[in-house]
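Counting convention: from 1, in listed order, for ligands and their atoms alike.
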Amino acid sequence: MGWKNVLKWSEVTPQALFLNRRQIIAGAGALVATPALARNEWSVEETPNSFEEITGYNNFYEFGYGKEDPAAYAGALTTDPWSVEIGGMVDKPGSYDLADVLKGQTIEERIYRFRCVEAWSMVVPWHGFELSGLLNRVGVQPGAKFVAFETLLRPEEMPGQQGGSFPWPYVEGLRLDEAMHPLTILATGLYDQPMPKQNGAPLRLVVPWKYGFKSIKSIVKITLTDKMPPTTWNILQSNEYGFYANVNPQVDHPRWSQATERPIGGGLFGGRKDTLMFNGYGDHVASLYAGQDLAVDY
Ligand code: MTE
């Protein structure tokens with residue numbers, strides 16, 4: 001697997017270097033015990049899926065439609081150097097290289113439930129930092145209401161982007177209050193490894209109370225705007241995929257029920273389990289949608 005080549009850690013800030021030194025140590029093959037990142041208040045208690053499950057069953061259409069295509073083909077993706085263009089209604093627009101994006105941010109472990117709109121689910125031990133930290137640093141201007149995100153466009157390395165009818169690049173968006181919520185992270189890794197390429201190296205969004213398609217991978221552009229931005233699955237099939245895409249067992253997908261989900265790794269007899277409103281994060285996020293009809297704003 002290609003994760004060892006994801007980042008040159010020498011280019012990362014000293015703080016990030018420190019926080020990620022287990023990767024370096026692991027890469028060097030040394031057997032040195034280092035303290036694990038503390039499981040914090042935002043993490044769930046469930047046991048995470050295995051590294052193999054999380055990195056072997058993916059949706060990343062830039063590398064093909066099959067669940068095993070990303071693991072098979074993402075190795076060719078160049079993720080170093082990497083930069084993110086931050087613009088729109090911000091005080092400090094510009095092209096930020098990855099080390100600069102991470103500067104001053106605290107990388108934490110966040111063990112989150114992850115629920116795909118296709119009705120499968122996992123539990124993933126992400127590493128990442130709160131998106132609000134980056135947005136505060138670049139200075140969100142008054143009047144900004146939404147954040148738009150864009151994935152890398154590089155057909156030479158992303159075979160799924162060659163031809164076809166998909167409107168590349170993959171784009172996503174959040175309302176500003178959703179983007180500023182402490183549960184919303186930019187993830188830089190999982191299981192103490194730099195982000196595997198098939199999971200969206202080197203930087204991807206994770207919004208655990210929303211369907212997985214909101215969690216856009218391999219981000220190269222972040223734009224603050226006063227208009228609701230277009231989002232890929234909504235462009236493709238607006239009656240099936242809305243802008244909000246909050247996990248909601250009461251609002252079915254037109255072609256299947258969202259009441260239950262299939263935990264990956266549950267085995268033949270693992271069965272299905274009930275899907276929770278807001279994927280179980282309702283105590284933290286339900287207030288964001290007070291007064292909204294979530295059957296209309298799906
Ligand atoms: N981001 C990009 N750029 N391209 C994609 O195809 N798929 C989305 C989301 N982010 C996707 C993407 C979907 S449908 C899901 S369920 C999650 O990524 C899957 O994330 P995972 O492979 O890390 O589980």
Protein heavy-atom partner closest to [atom] - residue, atom, separation in Å:
atom	answer
atom 24 (O) of ligand 1	Phe114 CE2, 3.7 Å
atom 7 (N) of ligand 1	Asn59 O, 3.3 Å
atom 4 (N) of ligand 1	Glu62 OE1, 2.8 Å

> Would you say Glu85 has more than 12 foreign heavy atoms packed within less than 6.0 Å of its CD?
Replying inline: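 No, CD of Glu85 has 12 or fewer neighbouring heavy atoms, counting only those of other groups under 6.0 Å.
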Verify the distance criterion only: is there a donor paired with an acceptor across the side chains of [X] and [Y] at less than 3.5 Å?
X	Y	result
Arg137	Gln105	no
Glu261	Thr275	yes
Ser218	Arg204	no

> Would you call Ser215 a ligand 1 contact, heavy-atom distance under 4.0 Å?
Replying inline: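 Right, Ser215 reaches ligand 1.
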> Would you call Glu118 a ligand 1 contact, heavy-atom distance under 4.0 Å?
Replying inline: no
What atoms of ligand 1 come closer than 4.0 angstrom to any heavy atom of [X]?
X	answer
Cys116	16 (S)
Thr151	3 (N)
Asn58	21 (P), 22 (O), 23 (O)

Nearest neighbour of [atom] from the list [options], on a heavy-atom basis:
atom	options	answer
atom 21 (P) of ligand 1	Gln198, Lys214, Lys217	Lys217
atom 23 (O) of ligand 1	Thr232, Asn49, Asn199, Leu205	Asn199
atom 2 (C) of ligand 1	Tyr170, Phe149, Tyr211, Phe166	Tyr170

>> If I compare all heavy atoms of Leu183 with all of His284, which pair ends up nearest, and what's the gap?
In response: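 Scanning both residues completely, I find the closest heavy atoms to be CD1-CB, 3.8 Å.
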>> Please work out, at 4.0 Å between heavy atoms, whether the side chain, the backbone, both, or neither of Trp233 comes within that distance of ligand 1.
In response: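 Neither part.
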> Which bit of Glu172 is near ligand 1, meaning a heavy atom under 4.0 Å away: side chain, backbone, both or neither?
Replying inline: neither
>> Does Lys214 qualify as a cation-pi partner of Phe243, given the criterion of NZ or CZ under 6.0 Å from the six-membered ring centre and within 45 degrees of its axis?
In response: yes
> Does NZ or CZ of Arg115 come closer than 6.0 Å to the centre of the six-membered ring of Tyr211, within 45° of the ring's axis?
Replying inline: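 That pair does not qualify as a cation-pi contact.
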>> Which residues pass the ring-ring contact (aromatic ring centres under 6.0 Å, His included) test with Phe63, not counting sequence neighbours?
In response: Phe60
> salt bridge (charged side-chain N to carboxylate O under 4.0 Å, His left out): which pairs involve residues 139-166, sequence neighbours left out?
Replying inline: Arg154-Glu157
>> Below the 3.5 angstrom mark, is there an N/O of Tyr61, backbone or side chain, next to an N/O of ligand 1?
In response: yes
> Does an N or O anywhere in Trp120 fall below 3.5 Å from an N or O of ligand 1?
Replying inline: no
> Backbone N or O of Tyr281 within a donor-acceptor pair of the Asn279 side chain at under 3.5 Å?
Replying inline: no
